[in-house]
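Every chain is numbered from 1 and lettered A, B, ... according to where its sequence line falls, protein lines coming before strand lines. Predicted, not measured: the structure shown is a model, and the values here were computed from it.
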Amino acid sequence: MIKITLPDRSVKEVEAGTTALDIARDISEGLARNVLSARVNGKVVDATRPISEDADLTLLTWNDDDGKATMWHSSAHLMAEAIEQLYPGVKFGIGPDIENGFYYDIDFMDYQVSDADFKKIEDRMLELARQKQGFTRREVSKEEALSYFSRKGDEYKIELIDELEDGEITFYESGTFTDLCRGPHLPDTGMIKAVKLLGIAGAYWRGNEKRKMLTRIYGITFPKQKELADYLEMLEEAKKRDHRKLGAELGIFTFSRQVGQGLPLWLPKGAELRERLENFLKKVQRKMGYQQVITPHIGKVELYKTSGHYEKYGQDSFHPISTPIPGEEFFLKPMNCPHHCEIYNSSPKSYRDLPYRIAEFGTVYRYEQSGELHGLTRVRGFTQDDAHIFCTPDQLKDEFKGVMDIVMIIFKALDFKDFITQISLRDPNDKGKYIGSDENWDKSEQAIMEVAEERGLDAVVEYGEAAFYGPKMDFMVKDALGRKWQLGTIQVDYNLPERFDLEYVGTDNEKHRPVMIHRAPFGSMERFVAVLLEHCAGKFPLWLAPDQAIVLPISEKYHNYAEKVLNLLNNSEIRALIDHRSEKTGRKIRDAEMKKIPYMLIVGEKEEQDGTVSVRKQGEGDIGVYSVEEFAAMVNGEIEQMLDIEV
RNA sequence: GCCUCUUUAGCUCAGCUGGUAGAGCAGCUCACUCGUAAUGAGCAGGUCGGGGGUUCGAGUCCCCUGAGAGGCUCCA
């Protein structure tokens, strides 16, 4: 007999060899029907695996992420089985579960497959699911595994097996499909009730551009039809938040074929929005001792040879600009740091000049691969809210803290709560590949960790993710469809001060090398505005909204009064406009609601008599009658509160 | 750059197996002068992304090319 401890700490005594599914059945049939897999002593395994020793057991269902993962991984096998039956002779790469569903990479050989085939595959999957095929786990020797896939002629599986140790190889069989697989899997395919194939894409075998491109099919499955419907509806909703759609609707930006791919054109509303963001940051930076600088959009090739960027960007980016002078070449700047280093170098520095903080909204150009361009989040010309801080190693920690505070101020002002903080440090096993002294690295890495700790940030630490020139901290936010985008970044740099021979005279009258911090709290204005649009679904915070209020006269008779109200609002620095159309009030309200204008001010006979406005808040409805002064004070108070920042 | 798909009016989309373009919304004009999410009528708007081919005839079929979408690889 063995002891099984359940999550509620209750203990069951069962015979050795009992399965998690048996235990579930013992508790209730209903539970047993919903068990997808089980966590036994911390490891997720098949619910049908016999348990042979005392164990902590958690039964995993659709409510557990690991349960979902089991379902989706099994669905990948189910899809493979269906595809193998429909397209005999195809070869399989890998087919894992992912955050939302699963995929399988398949070499379709001579078959031409497109999303038009999805229906057929889905139908076959459902048909196979209804057969309630079990998943049979089998331990096989490496030799046996190799011989199976050699006979089948699947070189991808053979390659995978080659890299495995004998004795750790398992096969899973379900229906007519046998796969090299670690598991775990569902008790049977009958639990898969709804299937949807979501997309088809090329994917390089093993993620290597040099190797064959396989066909990847993405899909998702659910234990209930209703859940699939909900999921598809959620995707539809997410599409409505897409910044590319909202950006066009709200007149923020556009693209032009003539101007070129990835080169956004900011429309008036977008330009004003961006200016507001820039002014906000400038104000914060001024308080924190930054100085604004301005540098040109191009620089001589020699500048980038000095910085080392030539090697990185020379070949695969915009090619140099030549001039009438033979041999003279300029580059569009892919970053601002080299220019800023030259500003540092323009006059001798003493320790008294440090920290030296220079900031610039610097527009840079990078020739991103055409397939990578994406709305405003990935473009070829963009403006970084860049700044470089040159300081002594001792000042590094305080400076880092200051930068982090700026990021937090911004996130607060824009109500960003769901962001991911990542700290990237050296690979401790390969310290040789990094530039700069061990001592300095230790110091900066420690500083970053301490600052995160002191500010109570829940950061993910990634070892080996640091740039060769220094450790960094990045801030990531998810877009409407859950894709992660990096926004703010703070990077320590030991490389450029070296390359540009930056110096300062210390208290000891000797020359020393400063440390450099690159930082961009927004990341880039383009990407930030994109993420902001998706974050607020076009409903900008009041202080940023292009139009903060719209005056809606009931009829033409009240246009004069509306003008008067508008004037008062403008005097109070509130951005407002009037809807002069001869439409019914209901229509004007609807249109203003759709345009997401935060406040609607309805004026008619009563309001004109009393010198008031009838206020309606976007998304909320009527909030009562105010004098224009009261309303202005309310709006300005609300804005002040949002921007209430302590520096 | 690679794979799959898409490309018709400012926007969202129809247009079956080839027979010389259609709707809704937006826009403009007129009427209505209106109280918290769509008043009515009329008008205008497209060399069907571009180029080439097949055909008596191409939005529709084929080839090249531009742009967009979802991925992969990049980027960080």
Side-chain angles (χ1 to χ4, degrees), chain A residues 93 98 103 105 108 112-118 198-218 235 239 242 244-245 248-249 251 254-262 312-313 316-317 334-335 366-375 377-380 382 384 422 424 462 465-467 472-476 481 483-489 491 518 520 523-524 527 552-559 581-595 600-607 614-625:
Chain A
I98 51 177
Y103 67 78
D105 282 349
F108 273 96
Q112 276 298 321
V113 177
S114 76
D115 54 13
D117 299 85
F118 284 2
L198 297 168
I200 185 162
Y204 299 108
W205 171 232
R206 314 212 83 179
N208 185 340
E209 206 180 350
K210 302 274 184 298
R211 306 199 62 177
K212 182 157 183 183
M213 182 165 263
L214 305 182
T215 303
R216 175 172 298 177
I217 298 184
Y218 288 90
L235 281 186
K239 276 190 199 151
D242 191 313
R244 291 163 298 191
K245 189 175 160 62
E249 282 171 9
T254 189
F255 286 94
S256 145
R257 280 173 211 177
Q258 294 248 28
V259 172
Q261 275 187 297
K312 194 174 162 69
Y313 288 94
D316 300 324
S317 196
M335 65 272 307
R366 298 178 190 174
Y367 192 78
E368 304 291 356
Q369 294 185 25
S370 63
E372 255 316 316
L373 300 171
H374 182 96
T377 49
R378 194 78 185 273
V379 289
R380 284 179 171 165
F382 57 99
Q384 297 178 310
Q422 179 178 321
S424 301
E462 296 284 352
E465 282 293 302
K472 59 178 179 170
M473 179 185 261
D474 296 318
F475 299 88
M476 261 106 52
L481 287 171
R483 292 174 291 216
K484 268 187 228 165
W485 293 100
Q486 185 193 306
L487 292 179
T489 180
Q491 309 185 7
H518 307 253
S524 79
R527 187 175 285 182
L552 309 180
I554 297 286
S555 80
E556 271 169 42
K557 283 186 270 181
Y558 311 107
H559 279 189
R581 296 174 304 165
S582 70
E583 291 289 351
K584 288 180 157 179
T585 309
R587 178 53 185 269
K588 292 185 180 181
I589 286 170
R590 181 182 152 83
D591 288 348
E593 286 279 349
M594 305 272 276
K595 281 194 215 154
M600 283 151 261
L601 308 179
I602 294 145
V603 295
E605 193 179 350
K606 277 183 297 205
E607 289 77 9
S614 183
V615 182
R616 184 185 163 100
K617 199 166 183 175
Q618 203 271 347
E620 288 177 30
D622 196 347
I623 60 169
V625 177

So, [X] side chain and [Y] main chain: donor-acceptor pair closer than 3.5 Å or not?
X: R366(A); Y: P334(A); value: yes
X: K588(A); Y: R581(A); value: yes
X: E593(A); Y: G619(A); value: yes
X: R380(A); Y: E368(A); value: yes
X: R527(A); Y: Q486(A); value: yes

* Evaluate side chain to side chain donor-acceptor pair (under 3.5 Å) for S256(A) paired with Q258(A), printing each intermediate quantity in order. => CA-CA 5 Å; S256(A) 145; Q258(A) 294 248 28; over 6 Å; no
Considering all heavy atoms of both residues, which atom of [X] and which atom of [Y] are nearest to each other, and what is their separation?
X: D474(A); Y: S424(A); result: OD2-OG, 4.5 Å
X: I589(A); Y: M600(A); result: O-SD, 4.0 Å
X: F118(A); Y: L198(A); result: CE2-C, 4.2 Å

* Verify the contact: side-chain N or O of H518(A) to OP1 or OP2 of A76(B), cut-off strictly under 4.0 Å; return yes or no. => no
Under 3.5 Å, which protein N or O atoms sit close to an N or O of nucleotides 32-37 of chain B? Give each pair with its distance.
from   : atom 1 : to      : atom 2 : distance (Å)
C32(B) : N4     : S582(A) : OG     : 2.7
U33(B) : O2     : E556(A) : N      : 3.0
U33(B) : N3     : E556(A) : OE2    : 3.2
U33(B) : O4     : E556(A) : OE2    : 2.6
C34(B) : OP2    : K557(A) : NZ     : 3.3
C34(B) : N4     : S582(A) : O      : 3.2
G35(B) : O6     : E605(A) : N      : 2.9
G35(B) : O6     : K606(A) : N      : 3.3
G35(B) : N1     : E607(A) : OE1    : 2.9
G35(B) : N1     : E607(A) : OE2    : 3.3
G35(B) : N2     : E607(A) : OE2    : 2.4
U36(B) : O3'    : R616(A) : NH1    : 3.4
U36(B) : O2'    : R616(A) : NH1    : 3.2
U36(B) : O2     : R616(A) : NH1    : 3.3
U36(B) : O4     : S614(A) : OG     : 2.2
A37(B) : N7     : R616(A) : NH2    : 3.1
A37(B) : N6     : E593(A) : OE1    : 3.1

Suppose you measure atom [atom1] in [N] against the same atom in [M]; what distance do you get, rounded to whole Å?
N: C13(B); M: U8(B); atom1: P; result: 9 Å
N: U65(B); M: C2(B); atom1: P; result: 10 Å
N: C75(B); M: U17(B); atom1: C1'; result: 47 Å
N: U7(B); M: C16(B); atom1: P; result: 12 Å
N: G59(B); M: G52(B); atom1: P; result: 14 Å
N: A21(B); M: G45(B); atom1: C1'; result: 13 Å
N: A44(B); M: A58(B); atom1: C1'; result: 28 Å
N: G50(B); M: C11(B); atom1: P; result: 15 Å

Contact class for [X] vs. all strands (heavy atom < 4.0 Å): base, sugar-phosphate, or nothing?
X: G199(A); result: nothing
X: Y103(A); result: nothing
X: S370(A); result: base
X: A201(A); result: base

When the distance from [atom1] of [X] to [atom2] of [N] is rounded to whole Å, what number comes out?
X: K245(A); N: G70(B); atom1: NZ; atom2: P; answer: 14 Å
X: R244(A); N: C11(B); atom1: CZ; atom2: C1'; answer: 17 Å
X: F118(A); N: G70(B); atom1: CZ; atom2: P; answer: 15 Å
X: M473(A); N: A76(B); atom1: CE; atom2: P; answer: 19 Å
X: Y218(A); N: C3(B); atom1: OH; atom2: P; answer: 16 Å
X: Q369(A); N: C3(B); atom1: CD; atom2: P; answer: 13 Å
X: M213(A); N: C72(B); atom1: CE; atom2: P; answer: 10 Å

* Asked: G1(B) base to Y204(A) side chain: any donor-acceptor pair below 3.5 Å?
  -> yes
* Structure fact -> Note: for V113(A) and L373(A) on RNA chain B, the residue whose nearest nucleotide lies more 5' is V113(A)
* Specify the residue among R527(A) and T215(A) whose closest nucleotide of RNA chain B lies further upstream toward the 5′ end. => T215(A)
* **Charged N-O contact under 4.0 Å between D591(A) and R587(A)** => yes
* Structure fact -> Per atom distances to the Q261(A) side chain, the nearest of C72(B), G68(B), A76(B) is G68(B)
* Name the closest nucleotide to the Q491(A) side chain, picking from G70(B), G1(B), A76(B). => A76(B)
* Structure fact -> Note on RNA chain B: ranges paired as stems (three or more Watson-Crick/G-U pairs in a row, both atom distances under 3.5 Å) are B:1-7 with B:66-72, B:10-13 with B:22-25, B:27-31 with B:39-43, B:49-53 with B:61-65
